[in-house]
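Here is the structure we will look at, set down as C-alpha cells.
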Amino acid sequence: MLKIVAVCGHGLGSSLVLKMTLDNVITEMGINALLETTSVTEATGALLNCDIIVTTEELAKLIDAPTGKPLVTVKNLLNVEEVGKKIYDAVKAHYPREISK
Amino acid sequence: MTNLRDSLNEKTMLLKVSAGDWEEAVVIGGQLLVDVGAVEPRYIDAIIRFTREYGPYYVIAPGLAMPHARPEDGVLETCFSLVTLKEPVEFGNKNNDPVDVLIFLSAVDNTSHIEAIKQVVTLFSNQQNFEKIRKAAHYSEVLELLEEMGATENITN
C-alpha cells in the first residue's frame, strides 16, 4: 500500500483538509493508499517514510523532498478534480502498479 | 467540541464586515475566538507571526482562508469562528487571492477537530454552499445551511 503524506504549516489545518479531499478521490481512482498528515517542521521523518508528498504551492519551497520522491503541489485544496488529477498522475508516473483500475 | 454547529453561533460569526487588509481580518476573527474564551489573545499574534514567516499557509481555496496557529499558542478550547468581508483582502497567495471568507480554527490537539474539518470541507467544496455563506447577511442563514447539511448527513448515513 502506498503511503501519501499531506504537509502543511502546523499539521492540523490545511493538511487535514487535503487529506479529506484525497480520501474522497483515491478510492474512486483505484488507488490503495494510507493517508497521513504532518507539519513542515516535523516533516523530515515522515517524508523519508512515505511514497508521495502532497502540499500547497506556498509550502513546497520549504520542503526538502528526499531525492526521487514525488512532491505534488496543489493550489485549491478543496478541488477534487485538481487534487485527484495531480495525485493520479504522480501515482501513474512513479507507482503504476498501485492503480487497480 | 467536534461539530461545526457547536462552534458557530451568534457570538462566533461576523458577516459582511470591513477589513483594510489581511492582518485586520485576522484580528477580527481571532478576537471572536478570544471573546468566547477559546483562545488567549496571543493566539492572534501567533497567526500573524506565522503568516509573515511561512506565507499565508492557510489560504486553502479561491476566496477562502482558514487562519489558525498551534495548540501551544494559547488555545483553550477547540472552536471555529466565521468572518465574511464586504470587500475581499489580499493575503499574498497568488492562486487563491483575494479572500472574503475566513473560517478561523483553534484546535487543542491534532485530532479533536477532525469531524468539524470534514464539515468545513463538505461545506466549502460545494460551490453553491460557498456562495450562500459568502452572500449571507445574517448569522441565521449560515446556521440554516449547517442544519440542512446535518439533515443530509443523517439521511446518507
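Chain letters run A, B, ... following the sequence lines, proteins first and then strands; every chain starts at 1. From a predicted model like this one, the values you see are computed outputs, not experimental measurements.
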Would A:Met20 and B:Val120 count as a side-chain contact (heavy atoms from CB on, under 4.5 Å) if you check the C-alpha gap in whole Å, the side-chain angles of each, and the deciding distance to 0.1 Å?
CA-CA 10 Å; A:Met20 279 156 198; B:Val120 170; over 6 Å; no
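Rounding to the nearest 0.5 Å places CG of B:Asn95 at 9.0 Å from OG1 of A:Thr56. Note: B:Ile60 CD1 to A:Asn79 CG = 12.0 Å, rounded to the nearest 0.5 Å. Separation of atoms CG (A:Leu78) and CD (B:Gln127) is listed at 9.5 Å; rounding is to 0.5 Å. If you take OG on B:Ser125 and CG on A:Asn76, they are separated by 9.5 Å, rounding to the nearest 0.5 Å. Note that the CD1 atom of B:Ile117 and the CG atom of A:Leu18 stand 12.0 Å from one another [nearest 0.5 Å]. In this structure, the separation between NE2 on B:His68 and CG on A:Leu12 is 5.0 Å, given to the nearest 0.5 Å.
Each of A:Thr21, A:Val17, A:Leu59, A:Val74 has some count of heavy-atom pairs under 4.5 Å with chain B, and the biggest count is that of A:Val17. Taking chain A as the reference chain and counting heavy-atom pairs below 4.5 Å, the highest number among B:Leu64, B:Asn93, B:Leu105 is found for B:Asn93. Between chain B and the options A:Thr37, A:Leu77, A:Thr55, heavy-atom pairs under 4.5 Å are most frequent for A:Leu77.
Around CD of B:Glu131, the count of heavy atoms belonging to other residues, nucleotides or ligands within 6.0 Å exceeds 12. No more than 12 heavy atoms of other residues, nucleotides or ligands shown are found within 6.0 angstrom of NZ on B:Lys11. When the shell of 6.0 Å around CD of A:Glu28 is examined, it contains 12 or fewer heavy atoms from other residues, nucleotides or ligands. Under a cut-off of 6.0 angstrom, the local environment of CG in A:Asp64 is sparse, with at most 12 non-hydrogen atoms contributed by other residues, nucleotides or ligands. Within 6.0 Å of CD on B:Glu87 lie no more than 12 heavy atoms contributed by other residues, nucleotides or ligands.
Heavy-atom distances place no part of A:Thr38 under 4.5 Å from chain B, backbone and side chain included. Proximity to chain A (any heavy atom under 4.5 Å) is restricted, for B:Asn96, to the side chain, taken from C-beta onward.
One hydrophobic cluster, built from ILVMFWY side chains closer than 4.5 Å, cannot hold both B:Phe130 and B:Phe91; they sit in different ones. Under a hydrophobic-cluster definition in which Ile, Leu, Val, Met, Phe, Trp and Tyr are linked whenever side-chain heavy atoms come within less than 4.5 Å, directly or via other members, B:Val34 and B:Val108 are assigned to the same cluster. The hydrophobic cluster containing B:Val59 also contains B:Ile48, counting ILVMFWY residues as joined when their side-chain heavy atoms lie under 4.5 angstrom apart, directly or transitively. Clustering ILVMFWY residues whenever any of their side-chain heavy atoms sit less than 4.5 angstrom apart, transitively, puts B:Leu82 in a cluster other than the one holding B:Val89. At a threshold of 4.5 Å between side-chain heavy atoms, the hydrophobic network of Ile, Leu, Val, Met, Phe, Trp and Tyr places B:Ile47 and B:Leu14 in one connected group.
Side-chain contact between A:Leu16 and B:Lys118 is absent, with no heavy atoms from C-beta onward closer than 4.5 Å.
A side-chain N or O of B:Tyr57 and one of A:His10 form a donor-acceptor pair less than 3.5 Å apart.
The existence of a salt bridge linking A:Glu57 and B:Lys94 is confirmed by a sub-4.0 Å separation between a basic side-chain nitrogen and an acidic carboxylate oxygen.
Nearest approach of B:Gly92 to A:Glu58, heavy atoms of both residues: O-OE2, 4.0 Å.
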